[in-house]
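First up is the structure itself, then whatever we jot down about it.
First the proteins, then the strands, lettered A, B, ... as listed; each starts at 1. Values below: all heavy atoms of this structure, side chains included; hydrogens, waters and symmetry mates excluded.
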2 protein chains.
Amino acid sequence: MSTVGLKLRELREKSGFSLRKAAVAIDIDMAILSKMERGERKFSKELVLKLAKLYNTDSNELIIGFLSEKVIYELADEEFGIEALKVAEKIIKYKKIQ
Amino acid sequence: MSTVGLKLRELREKSGFSLRKAAVAIDIDMAILSKMERGERKFSKELVLKLAKLYNTDSNELIIGFLSEKVIYELADEEFGIEALKVAEKIIKYKKIQ
DNA sequence: TTACCTTTGACAAAATTAGTCAACACAAAA
DNA sequence: TTTTGTGTTGACTAATTTTGTCAAAGGTAA
């Protein structure tokens, strides 16, 4: 169960960026990026997109991971998390047709 | 696609509570309950539970609706909302076994 | 040592969310 | 026609959460 942070750290290292340089490139404080990669802070969608671009990677999978983490966070240890997801899915699908 | 607010308003009316009395019973300002029922403000889980109890109703379905609304809110108009839900579901199911 | 790299925590700033309150509108009863 | 009870609205403040800044410190390698 790899996180978006983990993936983005791997991508950064593969791309040869130091934390400092990547942070400068997307215009945030290095401390924040460090915390985001380690899951101590949440990414914003905007930053995920910027980093995907910086690392020359397709962003779709990263965004999906990012969004799913947000959802999981909301449902934390909810007893009816799965049921809620099912309902949400139905509604979203319904909305799409309209 | 009825919302939790709508359901709770119906339940309140069926139970014969005025907005004021229901609000007093769960110890919040009437204005807030009014806005929540109409979807202008988000419920908290705690309040949903209190209201379910007040109206003598099973809370499970209400909670599922409440949670799914939170999820939908997070995914707003995301292109990959459905995909994110699928990933989230897998991860949550996986977590449950552990 | 010097030069990087990264982590950590304290702190401040900004933004979001929650709560309070009074004014208003409406309808029905006294 | 006042009074009473209903619900809505918006302005305002308070509280909480999120976000950003910064400096100190611990590694590692040249």
Side-chain angles (χ1 to χ4, degrees), chain A residues 2-52 54-55 62-63 65-78 84, chain B residues 2-52 54-55 62-63 65-78 84:
Chain A
S2 82
T3 66
V4 173
L6 225 54
K7 284 182 195 164
L8 281 169
R9 166 151 292 188
E10 283 169 9
L11 283 168
R12 174 173 63 77
E13 288 170 347
K14 272 187 199 164
S15 307
F17 283 95
S18 72
L19 206 44
R20 175 172 281 109
K21 285 182 180 169
V24 168
I26 62 170
D27 193 36
I28 59 168
D29 191 290
M30 176 181 53
I32 295 179
L33 184 56
S34 167
K35 286 169 186 168
M36 285 176 166
E37 285 184 349
R38 287 172 298 110
E40 200 180 307
R41 286 217 186 172
K42 283 180 275 182
F43 279 98
S44 69
K45 187 184 175 188
E46 191 198 2
L47 289 183
V48 173
L49 291 173
K50 279 187 181 174
L51 288 172
L54 181 65
Y55 305 147
L62 288 169
I63 290 296
F66 161 72
L67 290 173
S68 70
E69 275 175 27
K70 280 215 295 185
V71 167
I72 289 167
Y73 179 82
E74 288 297 325
L75 298 181
D77 304 298
E78 286 293 343
Chain B
S2 82
T3 64
V4 173
L6 224 53
K7 283 183 197 163
L8 282 170
R9 168 150 293 190
E10 284 168 9
L11 283 169
R12 175 173 62 77
E13 289 171 345
K14 272 188 200 163
S15 308
F17 282 96
S18 71
L19 206 42
R20 175 171 282 109
K21 285 183 182 171
V24 168
I26 63 169
D27 193 36
I28 59 168
D29 191 290
M30 176 181 54
I32 296 179
L33 184 55
S34 168
K35 287 169 186 167
M36 285 175 168
E37 284 185 349
R38 287 172 299 111
E40 201 180 306
R41 286 219 185 166
K42 282 179 274 180
F43 279 97
S44 68
K45 188 185 174 189
E46 190 198 2
L47 290 184
V48 173
L49 291 174
K50 279 187 183 177
L51 288 173
L54 181 64
Y55 305 147
L62 289 169
I63 291 296
F66 161 72
L67 292 173
S68 70
E69 274 174 28
K70 281 215 294 186
V71 167
I72 289 167
Y73 179 83
E74 289 297 323
L75 298 180
D77 304 297
E78 287 293 343

Close approaches to DNA chain D from residues 12-21 of chain B, in residue order (heavy atom, under 4.0 Å): B:Arg12, B:Ser18, B:Leu19, B:Arg20

Contacts satisfying salt bridge (Lys or Arg N to Asp or Glu O under 4.0 Å) that involve residues 43-52 of chain B (not counting sequence neighbours) are A:Glu78-B:Lys45, B:Glu46-B:Lys50

Residue of the set B:Leu19, B:Thr3, B:Leu33 for which side-chain contact (heavy atoms from CB on, under 4.5 Å) holds with B:Arg9: B:Leu19

Only pairs at least two apart or in different chains count here, so list each side chain to side chain donor-acceptor pair (under 3.5 Å) that has a residue in residues 13-31 of chain A. none

For B:Glu74 and A:Glu74, indicate whether the former's side chain and the latter's backbone hold a donor-acceptor pair under 3.5 Å. no

Which heavy atom in A:Phe66 sits nearest to a heavy atom in A:Val4, and how many Å separate them? N-CG2, 3.1 Å

Short N/O separations, protein against nucleotides 19-23 of chain C, under 3.5 angstrom:
{"from": "C:dG19", "atom 1": "N7", "to": "B:Arg41", "atom 2": "NH1", "distance (Å)": "2.8"}
{"from": "C:dG19", "atom 1": "N7", "to": "B:Arg41", "atom 2": "NH2", "distance (Å)": "3.3"}
{"from": "C:dG19", "atom 1": "O6", "to": "B:Arg41", "atom 2": "NH2", "distance (Å)": "3.0"}

Heavy atoms of B:Tyr55 and B:Arg12 approach each other most closely as OH-CB, 3.1 Å

At a 4.0 Å cut-off to heavy atoms of chain A, the contacted part of DNA chain D spans D:dT18 to D:dC22

Which atom of A:Tyr73 lies closest to which atom of A:Lys42, heavy atoms considered: CE2-NZ, 3.7 Å

Expected output: side-chain A:Arg38 to main-chain A:Ser34 donor-acceptor under 3.5 Å: yes

Over all atoms of both residues, closest heavy-atom pair of B:Ser68 and B:Gly65: OG-O, 2.9 Å

Sorted by chain and number, sequence neighbours left out, side chain to side chain donor-acceptor pair (under 3.5 Å) with A:Glu10 holds for none

